[in-house]
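Have a look at the structure below, then the notes.
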Amino acid sequence: MSSNIVIAIDGYSSCGKSTLAKALAQKLHFIYVDSGAMYRAVTLYFIRHHVDLHDHQQVAEALKNIHLNFHSRDYQTHITLNDEEVSEEIRRMPVSDNVSAVAALREVRHEMVKQQQRMGKSKNIVMDGRDIGTTVFPDAQLKIFMTADPKVRAERRYKELHEKNPGITLEEVFENLAHRDYQDTTREESPLVRAQDAIILDNTNMTPDQQLEFTLNKIKSLLDPE
Ligand code: CDP
């Protein structure tokens, strides 16, 4: 059995997974990996290079030209796509509108999962996404499945995006989250589903501090069952 600890956090769009994952990583001195940022960066590349999602050959060729890297600074996600820092651009609507279609492609998933599994080897990590507890790390020591009321999730994400994108509307954000949740839960390849052994965390009425405390208590009882 491996001695490193993996915490897998999965759940619906914009339900606070990354907020919790970052806080946990900081508290526990673990590495934080935002797997969604990887799918977003691939999507940005596909948009820029007009990759036809129905053409498997083109998709496979494009993937060979994509090099992603995380640079950890203060537990924020800093991701580079072929050495270009794209952390902000991948959060904008053109990427959000296309990412779930890209993430549904078998070739894309196989490549990302392979890279994610490599990152979790021999390191203590917290990874958030959609299939971390089911596919990427089915043996993770702790699995959390996060959810929250869809309206609350849209309001939180709208607040986050509005500062940098004043033209954005709450309706647009709500529609995007609903559409992505639909695509993510109904796709063929490792759809978003709760792992049987995942703890459900509904944070509709919780503050970030409360969700952190809830999870730290779970970790404590897991690592020190007395
Ligand atoms: O931050 P938010 O919850 O809105 O999404 P994200 O974590 O940045 O993920 C963006 C999209 O990537 C999701 O809607 C999924 O389509 C895809 N994704 C995935 O398929 N598998 C993962 N492990 C992570 C993200």
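As the structure is a prediction and not an experimental result, all values here were calculated from the model. Whatever order the structure lists them in is the order used to number ligands and atoms, beginning at 1.
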Between Tyr12 and Phe145, is the ring centroid distance below 6.0 Å?
yes
State which residues pass side chain to side chain contact (heavy atoms under 4.5 Å, CB included) with Phe174; sequence neighbours excluded, sorted by chain then number.
Pro150, Lys151, Ala154
Over 12 foreign heavy atoms within 6.0 Å of NE2, His179:
no
Between Phe137 and the options Val113, Ile7, Ile125, the side chain to side chain contact (heavy atoms under 4.5 Å, CB included) test singles out Ile125
Are Asp131 and Arg187 ion-paired here, with the side-chain N under 4.0 Å from a carboxylate O?
no
Positive for salt bridge (charged side-chain N to carboxylate O under 4.0 Å, His left out) with Asp34, one of Lys17, Arg91, Lys22
Arg91
Near ligand 1 (heavy atom, under 4.0 angstrom), the protein residues are Ser13, Ser14, Lys17, Ser35, Gly36, Tyr39, Arg40, Arg91, Val99, Ser100, Ala103, Arg109, Gly129, Arg130, Asp131, Ile132, Arg157, Arg180, Asp184, Arg187
